[in-house]
Amino acid sequence: MPDALRLEGIRKTFDGFVALDGAHFSLRWGEVHALLGENGAGKSSLMNIAAGLYAPEAGTMLVDDNPVRFAGPSDAAREHIGMVHQHFKLVAPFTAAENILLGLPAQGGSHGKRLRALREQIRAQAKALGFEIDPDRRVAQLSVAEQQRVEILKVLLAGARILILDEPTAVLTDAEAGRLLGTVRSLARQGAAVVLVTHKIADVKRYADRVTVMRGGRTVATVDPGAASEAELVRLAVGEAPPPVQRQRPESGAEQLVLRGVRTASEGGQPALDGVDLTVRAGEIYGLAGVGGNGQGELASAIMGLLPIQEGDIELAGAGSLLALDAEARRSLGIAAIPADRYRLALAGGLSVAENFGVGQVNAGRYGSAWRLDRAGLEADAMAAVRDFDVHGVRSPRQKAALLSGGNAQKLVIAREFSRPVKLVLAHSPSRGLDMRASSQVHERLCAARDAGAAVLLISEDLDEVMKLADRIGVMARGRIVAEFDTPADRQAVGQAMVATAQAEAESA
């Protein structure tokens with residue numbers, strides 16, 4: 001039987017940087033094939049070639065043993081290849097149904113009639129995958145996890161039989177991830193072919209039939225994940241296991257961030273935050289767990305001054321109420337923000353590394369005025385931060401930030417945010433989509449900030465991350481904190497608080 005997809009001798013460069021150098025990969029019909037490697041190893045670049053987003057400079061690609069060349073994603077779609085990207089390709093003002101309709105072939109009938117039929121297909125497919133989605137909600141109103149669900153539905157309803165999933169469980173709870181990957185495996189057993197790009201070794205060992213490891217743009221090995229130990233897979237992926245984060249339970253500090261009865265409304269008028277009471281102390285990491293779409297994004301926006309609140313108050317130690325201050329003024333008080341979507345909310349890909357690093361401090365006058373900018377000083381500081389924070393792939397401070405891999409882009413954001421004294425770190429899904437080494441480095445920085453006396457609010461839909469780092473844990477559901485736990489906390493109890501609230505909401509709907 002021919003391979004569903006085969007790539008051989010693939011080479012790709014970006015602005016002189018070699019992203020892929022003779023890489024190869026094969027995918028069989030009826031299998032789930034995992035793809036492992038550090039951030040910047042070339043995994044996404046290789047899969048973007050398979051999906052028609054990039055054109056290789058050398059090498060061959062075959063679908064069903066037939067050579068193909070793609071001029072764009074539409075060519076790949078005609079070969080029934082669909083990719084769910086780590087950073088989603090959705091139109092924010094459109095509804096979920098309208099976004100999915102954009103990916104479908106043109107058909108007869110009115111736009112309204114097609115949308116009505118599509119809504120039912122969306123609900124049926126979502127139910128088969130084990131999750132729910134409102135077809136009429138705008139993407140701008142959806143959490144990161146909900147947006148990912150829309151992307152998965154979009155490629156499946158467009159008829160994809162070769163499915164490429166880039167970090168599909170990064171923003172899902174344990175239960176959601178298990179249902180999704182179980183469904184993915186069922187799709188493969190029914191004859192589809194699935195590429196699973198992931199950094200979660202447990203997912204690889206449980207759900208993948210084969211695993212290919214990449215490093216430095218080259219294919220290192222393809223092995224049976226059932227026969228390889230976790231330690232062996234880690235060594236293949238990163239060369240050595242990252243050191244564990246050293247955690248010591250800190251002494252209780254003064255209250256640094258306090259939210260009292262905070263309420264906001266979503267675009268549809270329903271409460272997004274429904275009376276949030278929250279306290280984060282100096283010298284602690286408060287981990288906020290929960291199923292995506294329960295107000296986590298709105299909470300981060302409200303704290304940063306990006307979303308007005310209707311009732312309640314937000315206070316920062318030494319500054320009092322923050323309600324009258326805009327985002328820039330709040331940052332000047334020592335609030336560092338690491339948003340969930342680093343490319344949309346934290347970086348300007350078309351600007352240079354130095355410009356992204358210094359954007360806030362330029363406004364504060366550190367590098368002179370906008371008319372007489374000390375560009376040499378800015379670029380020197382940026383490169384020093386690049387070295388200190390181990391940001392790979394930067395050859396020049398004038399290099400575009402868009403050329404950085406996901407992990408290195410995140411480290412640039414952290415380098416910028418921690419380049420000044422901080423009292424509060426607001427980190428929303430900070431290691432989403434990062435490999436083991438990059439995740440470990442991000443976690444070390446958060447712990448270092450805590451140990452230096454900052455208050456750290458860690459909002460994450462990855463329960464592993466919360467359990468690993470948090471000194472106290474809260475569970476958020478339906479726009480409020482529904483449970484709190486001191487650490488060490490029982491994982492099952494935390495998970496039960498998340499699931500029970502979601503079930504209660506579904507039963508009351």
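On a predicted model such as this, the values are computed, not experimentally measured, just so you know.
- The side-chain heavy atoms of V220 and R218, taken from C-beta on, include no pair separated by under 4.5 Å.
- Checked by atom type and distance alone, the side chain of N356 pairs as donor or acceptor with a backbone atom of A348 at under 3.5 Å.
- Side chains of V139 and Q147 form a contact here, defined as non-hydrogen atoms less than 4.5 Å apart.
- Proximity of E417 to V425: side-chain heavy atoms (C-beta onward) are nowhere separated by under 4.5 Å.
- Panel note: side chain Q410, backbone P430; a donor-acceptor pair is recorded below 3.5 Å.
- The backbone N or O of V91 sits less than 3.5 Å from a side-chain atom of N99, completing a donor-acceptor pair.
- A donor-acceptor contact shorter than 3.5 Å links the side chain of R330 to the backbone of I303.
- The shortest distance between side-chain heavy atoms of N48 and M83 falls below 4.5 Å.
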**Prompt:** side chain to side chain donor-acceptor pair (under 3.5 Å) between Y286 and Q256: does it pass, once the steps are laid out?
**Reply:** CA-CA 11 Å; Y286 185 102; Q256 194 84 303; over 6 Å; no
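- In this structure, R215 and V213 have side chains that are not in contact, with every pair of non-hydrogen atoms separated by 4.5 Å or more.
- The two atoms that bring L273 and G295 nearest to each other are CD2-O, 3.4 Å, heavy atoms only.
- Using modelled atom types, one finds no donor on one side chain facing an acceptor on the other under 3.5 Å when comparing T264 with E298.
- Using a distance-only test at 3.5 Å, with no hydrogens or angles considered, a donor-acceptor pair links the side chain of D471 to the main chain of I285.
- Within the 4.5 Å cutoff, the side chain of V184 has no heavy atoms near those of the L196 side chain.
- Looking only at side-chain heavy atoms (C-beta outward), V494 and V466 stay at 4.5 Å or farther from each other.
- Of all non-hydrogen atoms in P339 and A346, the two that sit nearest each other are CG-CB, 3.6 Å.
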**Request:** Tell me, with the steps shown, if I309 and R263 meet side chain to side chain contact (heavy atoms under 4.5 Å, CB included).
**Result:** CA-CA 6 Å; I309 71 172; R263 298 180 186 275; over 6 Å; no
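- Using a 4.5 Å heavy-atom threshold, the side chains of L322 and I335 count as touching.
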